[in-house]
Amino acid sequence: MKMLINVPETVVADALRGLAASHPELIVDVENRVIVRRDAPVEGKVALVSGGGSGHEPLHGGFVGRGMLDAACPGEVFTSPVPDQMVRAAAAVDSGKGVLFVVKNYTGDVLNFDMAAELAEDEGIQVAKVLVSDDVAVDDSLYTAGRRGTGATLFVEKIAGAAAEEGAPLERVESIARRVNDLSSSFGVALSACSTPAKGGPTFDLPAGELELGVGIHGEPGRERRAMMTSREIADYAVDVVVADLRPDSPVLLLVNGAGATPQLELYGFAAEVHRALGERQVAVARTLVGNYVTSLDMAGASITLCQVDEDLLRLWDAPVRTVGLRWGD
């Protein structure tokens, strides 16, 4: 398997050096694995900190900046960051108004962020935590108890980040983040396996001519394998699953997310089918985002995430954002 790297052992550090060189608006501590917005701490503002294993870029480091995260902690590929990183990040961005940890529901992330919260509070930093658990494909996967955290992480970080940017207190920012997670559902499909630098090849076997319905963002098994389906058939399957879980009675945000190796041409074709399927099920779409945002290295495939929104949540979604991976507005 050919990869554009030096050696597997330095792939994360090399990427962080590149991020630092390319984006002077960020402070990138390569040695300690912490990415911070350069203007942090922002006076009077609740800070958002997230993190997780590398390999899902632009999540999370690509979402550090005005209107989203104040800091992110990248772990090794598909491996949770450690508590010291999270405490260092919290200390760097805390303005005295508290810090919200946004945690995807994977066992390592949950345990390490819990420990980090205790350590940060020992240092006088007020910490709240929100668990993202939007993947409806399976419960109790290889790395989780309950639902996995996937595409809704972007919605949580963007909407709660906008609330924090407006000066909302910690309790309000936490409440909004929890609400966004509760109003979100996701489902993913793999057309090929992902390949980690350490392994140098596919992390699981997916025979030619088959796809994995309900795959996780680390290649965890989904609901079932089937012979290859058309974009239309995949959209109908995924939309049925997500709509049955969410039962939306208000407009939704729609994320059509690439797994890493699926080109924009295919993603927008898939987005057209998802819009058709939602329309046939009388689900109104308020906003759509299409692209690679929560990836799985070089996996081919896609996921959809829906989040029900009211006027307030939609306003926060539309609020200006300026990060490496997401930017609009002023």
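Predicted model only: the values in this text are computed from it and were never measured. Numbering of residues begins at 1 and proceeds along the displayed sequence.
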Is a donor on one side and an acceptor on the other found under 3.5 Å between the side chain of [X] and the backbone of [Y]?
{"X": "E233", "Y": "S231", "result": "no"}
{"X": "K158", "Y": "A319", "result": "yes"}
{"X": "R225", "Y": "L211", "result": "no"}
{"X": "S80", "Y": "G52", "result": "no"}
{"X": "E165", "Y": "G67", "result": "yes"}
{"X": "R178", "Y": "K129", "result": "yes"}
{"X": "N112", "Y": "P81", "result": "yes"}
{"X": "R223", "Y": "A137", "result": "yes"}
{"X": "E280", "Y": "A277", "result": "no"}
{"X": "E157", "Y": "L69", "result": "no"}

Over all atoms of both residues, closest heavy-atom pair of [X] and [Y]:
{"X": "P58", "Y": "N292", "answer": "CD-O, 3.2 Å"}
{"X": "A190", "Y": "M299", "answer": "CB-SD, 3.8 Å"}
{"X": "G325", "Y": "Y293", "answer": "O-CE2, 3.4 Å"}
{"X": "A163", "Y": "I176", "answer": "CB-CD1, 3.6 Å"}
{"X": "P197", "Y": "P8", "answer": "O-CG, 3.5 Å"}
{"X": "P248", "Y": "V243", "answer": "CD-O, 3.9 Å"}

Is it possible for you to say whether [X] and [Y] belong to one hydrophobic cluster, with membership spreading through side-chain heavy-atom contacts below 4.5 Å?
{"X": "V294", "Y": "L131", "result": "no"}
{"X": "L313", "Y": "L100", "result": "yes"}
{"X": "V285", "Y": "L314", "result": "no"}
{"X": "Y268", "Y": "L191", "result": "yes"}
{"X": "Y237", "Y": "L267", "result": "yes"}

Passing option when R147 is tested against D134, D245, D182 for salt bridge (charged side-chain N to carboxylate O under 4.0 Å, His left out):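 Looking at D134, D245, D182, the match for R147 under the salt bridge (charged side-chain N to carboxylate O under 4.0 Å, His left out) is D245.
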So [Y] and [X], do their side chains get closer than 4.5 Å, heavy atoms only?
{"X": "L253", "Y": "L255", "value": "no"}
{"X": "R276", "Y": "R232", "value": "yes"}
{"X": "L59", "Y": "K104", "value": "yes"}
{"X": "L183", "Y": "V309", "value": "no"}
{"X": "L278", "Y": "L306", "value": "yes"}
{"X": "P74", "Y": "Q85", "value": "yes"}
{"X": "M115", "Y": "V82", "value": "no"}
{"X": "L246", "Y": "V283", "value": "no"}

Could you tell me whether R66 and D39 make a salt bridge, using a distance below 4.0 angstrom between a side-chain N and a carboxylate O?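 No, R66 and D39 are not salt-bridged.
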Could you tell me whether R281 and D236 have a side-chain N and a carboxylate O separated by less than 4.0 Å?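 Looking at D236 together with R281, the answer is yes, because their closest N to O distance falls below 4.0 Å.
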Rounded distance (nearest 0.5 Å) linking atom [atom1] of [X] with atom [atom2] of [Y]:
{"X": "E220", "Y": "F78", "atom1": "CD", "atom2": "CZ", "result": "8.0 Å"}
{"X": "R17", "Y": "S22", "atom1": "CZ", "atom2": "OG", "result": "11.0 Å"}
{"X": "K45", "Y": "L170", "atom1": "NZ", "atom2": "CG", "result": "11.0 Å"}
{"X": "H60", "Y": "T323", "atom1": "NE2", "atom2": "OG1", "result": "13.0 Å"}
{"X": "I159", "Y": "M68", "atom1": "CD1", "atom2": "CE", "result": "9.5 Å"}
{"X": "L206", "Y": "T203", "atom1": "CG", "atom2": "OG1", "result": "10.0 Å"}

Is it true that atom [atom1] of [X] has more than 12 heavy atoms of other residues, nucleotides or ligands lying nearer than 6.0 Å?
{"X": "R88", "atom1": "CZ", "value": "no"}
{"X": "K97", "atom1": "NZ", "value": "no"}
{"X": "D330", "atom1": "CG", "value": "no"}
{"X": "M229", "atom1": "CE", "value": "yes"}

Worked check of side-chain contact (heavy atoms from CB on, under 4.5 Å) between H56 and T153: CA-CA 11 Å; H56 305 301; T153 311; over 6 Å; no
Should R315 and D312 be marked as a salt bridge (Lys or Arg N to Asp or Glu O under 4.0 Å) after you check the CA-CA gap, both sets of side-chain angles, and the distance that decides it? CA-CA 5 Å; R315 179 186 62 80; D312 189 47; 2.8 Å; yes
Show the numbers, then the answer: is there a side-chain contact (heavy atoms from CB on, under 4.5 Å) between R37 and V42? CA-CA 9 Å; R37 56 187 281 185; V42 179; 3.7 Å; yes
Should R179 and D310 be marked as a side-chain contact (heavy atoms from CB on, under 4.5 Å) after you check the CA-CA gap, both sets of side-chain angles, and the distance that decides it? CA-CA 11 Å; R179 185 164 176 243; D310 57 17; 2.7 Å; yes
In this structure, which one of L289, N257, T305 forms a side chain to side chain contact (heavy atoms under 4.5 Å, CB included) with L154?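 Of the listed residues L289, N257, T305, the side chain to side chain contact (heavy atoms under 4.5 Å, CB included) partner of L154 is L289.
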Evaluate side-chain contact (heavy atoms from CB on, under 4.5 Å) for V189 paired with F270, printing each intermediate quantity in order. CA-CA 12 Å; V189 178; F270 183 54; 6.0 Å; no
